[in-house]
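Computed from a prediction, not measured in an experiment: that's the story for all the values here.
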Amino acid sequence: MPTTSLLGGDATSQTNGDEWHSHRRSGISSRHFLKLLEDQGRVGFWSVDFETGHINGSVGLYRLLGLPPFTTLEFADLVKMMHPGDRVLNSDMLAVMRSGQAIEREFRIIRHDKTLRWIQNKAEILVDAEGNPTRALGLMNDITELHEARMIVEEGWQSYQSLISAIAAVKWRMLPDGKITSLLNWEKLSGQTLAEADNWGWLEVVHPDEREAARSLWSVCTLASRPYAIDLRILCVDGIFRKYLARGAPIRNSDGSVREWIGVLIETAAPNSTEADPVFGTIEAVDIAYIRAARALLDWSIEDLSAKAAVSVSTIRRLELGAGKRARLLHMEAIRKALEQGGIRFGHGLNAEITISLAKGMS
């Protein structure tokens with residue numbers, strides 16, 4: 001199809017002064033646009049004959065696959081280029097297309113120069129007069145950079161979730177008007193369901209002396225769109241009031257307006273508490289992951305912890321990387337004590353898991 005018609009103009013439909021402009025555009029073909037796309041080295045077009053399995057590819061396809069132009073290429077050759085971890089899941093592509101189904105797959109290929117690339121492969125099916133699939137027309141995109149960016153985001157999110165899970169008893173999400181949209185672990189902690197906690201029902205398990213302050217501060221923070229932080233005593237399922245630090249922060253839309261609030265409840269204790277906890281009867285019980293989480297909660301660098309625990313920076317770094325098991329028994333006690341003196345409290349969660357909390361007055 002002439003590109004001029006794709007752009008909204010056709011030489012046969014122009015009259016008078018428009019004919020000259022159409023004549024100038026008529027020298028532009030779809031091939032010019034395809035070359036512009038393929039010259040970026042990230043796009044390639046292909047077709048495959050179902051009878052032979054032979055791939056007819058564009059110059060961009062061979063460039064994307066790292067092959068010399070117009071190398072003889074069978075669909076089986078493409079499967080062989082796939083990363084071994086993706087080959088089994090995608091070796092059925094030709095069979096799927098032969099059955100008349102379009103495809104959209106993502107997989108890794110290893111080029112002849114040993115570089116690894118992530119490929120997105122899409123194809124539509126052509127049929128004959130009887131409706132039988134005969135060929136497939138496809139497009140391959142190099143999505144390596146996109147995939148790597150996606151992985152970085154996912155790893156960052158997973159790290160955030162792991163850290164929050166280690167230090168927070170409850171995670172919550174709330175709209176600016178106070179409507180709760182998520183309240184993870186709240187029912188285990190307080191006995192209230194999400195429905196019971198909504199519409200300010202959660203204040204019923206807050207100590208009576210602190211309810212008004214909690215609600216008033218929320219009004220101030222939502223009006224000013226500033227972070228929310230308050231110490232509260234929560235009535236837990238065992239009938240005991242325990243101290244928690246409630247923290248929240250606004251999440252904004254692109255125009256600066258607040259879309260929602262996210263926050264946590266962190267169990268707190270008196271500074272430098274000497275309350276014994278049987279879970280830490282042995283030094284080994286403080287896992288390496290909790291050291292990193294405790295440092296993050298105190299906003300300590302490795303150098304800060306080194307100075308306070310009198311343990312070398314290199315030893316702490318090896319411990320946090322899991323490479324310092326021999327030195328662990330010698331230094332873990334000093335590290336644990338330094339963290340507790342800094343305001344960290346180690347304890348038990350609702351499911352007997354180890355928890356980390358920040359002592360009251362240390363925020």
Nearest heavy atoms of [X] and [Y], plus distance in Å:
{"X": "Arg247", "Y": "Ala229", "result": "NH1-CB, 3.9 Å"}
{"X": "Glu124", "Y": "Ala102", "result": "OE1-CB, 3.9 Å"}
{"X": "Ile125", "Y": "Ala136", "result": "CD1-CB, 4.0 Å"}
{"X": "Val48", "Y": "Phe75", "result": "CG2-CD1, 4.2 Å"}
{"X": "Ala214", "Y": "Leu203", "result": "CB-CD2, 4.0 Å"}
{"X": "Val237", "Y": "Ser190", "result": "CG1-C, 3.4 Å"}

State, yes or no, whether a side-chain contact exists between [X] and [Y] at a heavy-atom distance under 4.5 Å.
{"X": "Phe107", "Y": "His83", "result": "no"}
{"X": "Val311", "Y": "Thr315", "result": "yes"}
{"X": "Asp77", "Y": "Ile55", "result": "no"}
{"X": "Ile266", "Y": "Tyr244", "result": "no"}
{"X": "Ile302", "Y": "Arg295", "result": "yes"}
{"X": "Leu73", "Y": "Leu67", "result": "yes"}
{"X": "Glu104", "Y": "Gln120", "result": "yes"}
{"X": "Val127", "Y": "Thr134", "result": "no"}

[X] [atom1] to [Y] [atom2] distance, which is reported to the nearest 0.5 Å:
{"X": "Ser182", "Y": "Trp172", "atom1": "OG", "atom2": "CH2", "answer": "11.0 Å"}
{"X": "Asp92", "Y": "Met97", "atom1": "CG", "atom2": "CE", "answer": "9.5 Å"}
{"X": "Leu64", "Y": "Thr144", "atom1": "CG", "atom2": "OG1", "answer": "8.0 Å"}
{"X": "Leu339", "Y": "Leu305", "atom1": "CG", "atom2": "CG", "answer": "5.5 Å"}
{"X": "Leu65", "Y": "Leu78", "atom1": "CG", "atom2": "CG", "answer": "6.5 Å"}
{"X": "Arg135", "Y": "Arg98", "atom1": "CZ", "atom2": "CZ", "answer": "12.5 Å"}

With Arg215 as the cation and Trp200 as the aromatic partner, state whether NZ or CZ is under 6.0 Å from the six-membered ring centre and within 45° of the axis. yes

Show the numbers, then the answer: is there a side-chain contact (heavy atoms from CB on, under 4.5 Å) between Leu137 and Leu126? CA-CA 7 Å; Leu137 297 179; Leu126 300 182; 3.9 Å; yes

Check: Trp218 ring centre within less than 6.0 Å of Tyr228 ring centre: yes

Is it true that [Y] and [X] share a donor-acceptor pair across their side chains at a distance under 3.5 Å?
{"X": "Arg173", "Y": "Thr181", "answer": "no"}
{"X": "Arg87", "Y": "Ser91", "answer": "no"}
{"X": "Asn121", "Y": "Arg105", "answer": "no"}
{"X": "Glu106", "Y": "Trp118", "answer": "no"}

Take Trp202 and Gln192, measure what side chain to side chain donor-acceptor pair (under 3.5 Å) needs, and give me the verdict at the end. CA-CA 8 Å; Trp202 60 273; Gln192 279 190 332; over 6 Å; no

Would one find more than 12 heavy atoms of other residues, nucleotides or ligands at under 6.0 Å from atom [atom1] of [X]?
{"X": "Glu303", "atom1": "CD", "result": "yes"}
{"X": "Asp209", "atom1": "CG", "result": "yes"}
{"X": "Glu74", "atom1": "CD", "result": "yes"}

Under a 4.5 Å side-chain heavy-atom rule over Ile, Leu, Val, Met, Phe, Trp and Tyr, are Leu146 and Leu116 clustered together? yes

Count I, L, V, M, F, W, Y as connected when their side-chain heavy atoms are under 4.5 Å apart, and connections chain through other members. Are Ile110 and Ile119 then in the same cluster? no

For the side chain of [X] and the backbone of [Y], is there at least one donor-acceptor N/O pair under 3.5 Å apart?
{"X": "Ser257", "Y": "Asn253", "answer": "no"}
{"X": "Arg211", "Y": "Val206", "answer": "yes"}
{"X": "Asn141", "Y": "Ile143", "answer": "no"}
{"X": "Thr52", "Y": "His54", "answer": "yes"}
{"X": "Asp128", "Y": "Asn132", "answer": "yes"}
{"X": "Asn90", "Y": "Asp86", "answer": "yes"}
{"X": "Thr222", "Y": "Ser219", "answer": "yes"}
{"X": "Gln341", "Y": "Ala338", "answer": "no"}
{"X": "Asn56", "Y": "Ser47", "answer": "no"}

For a side-chain contact (heavy atoms from CB on, under 4.5 Å) check, start with the C-alpha distance between Arg242 and Glu267, then their side-chain angles and the critical distance, and finish with the verdict. CA-CA 8 Å; Arg242 290 188 174 85; Glu267 188 176 6; 3.7 Å; yes

Test side-chain contact (heavy atoms from CB on, under 4.5 Å) applied to Leu235 - qualifying residues, sequence neighbours left out: Val205, Phe241

Would you please test Arg111 and Arg117 for side-chain contact (heavy atoms from CB on, under 4.5 Å) and show each step? CA-CA 8 Å; Arg111 302 197 297 198; Arg117 310 299 295 178; 4.0 Å; yes

Is there a side-chain contact (heavy atoms from CB on, under 4.5 Å) between Asp198 and Lys179 once you walk through the steps? CA-CA 6 Å; Asp198 202 8; Lys179 169 106 178 134; 2.7 Å; yes

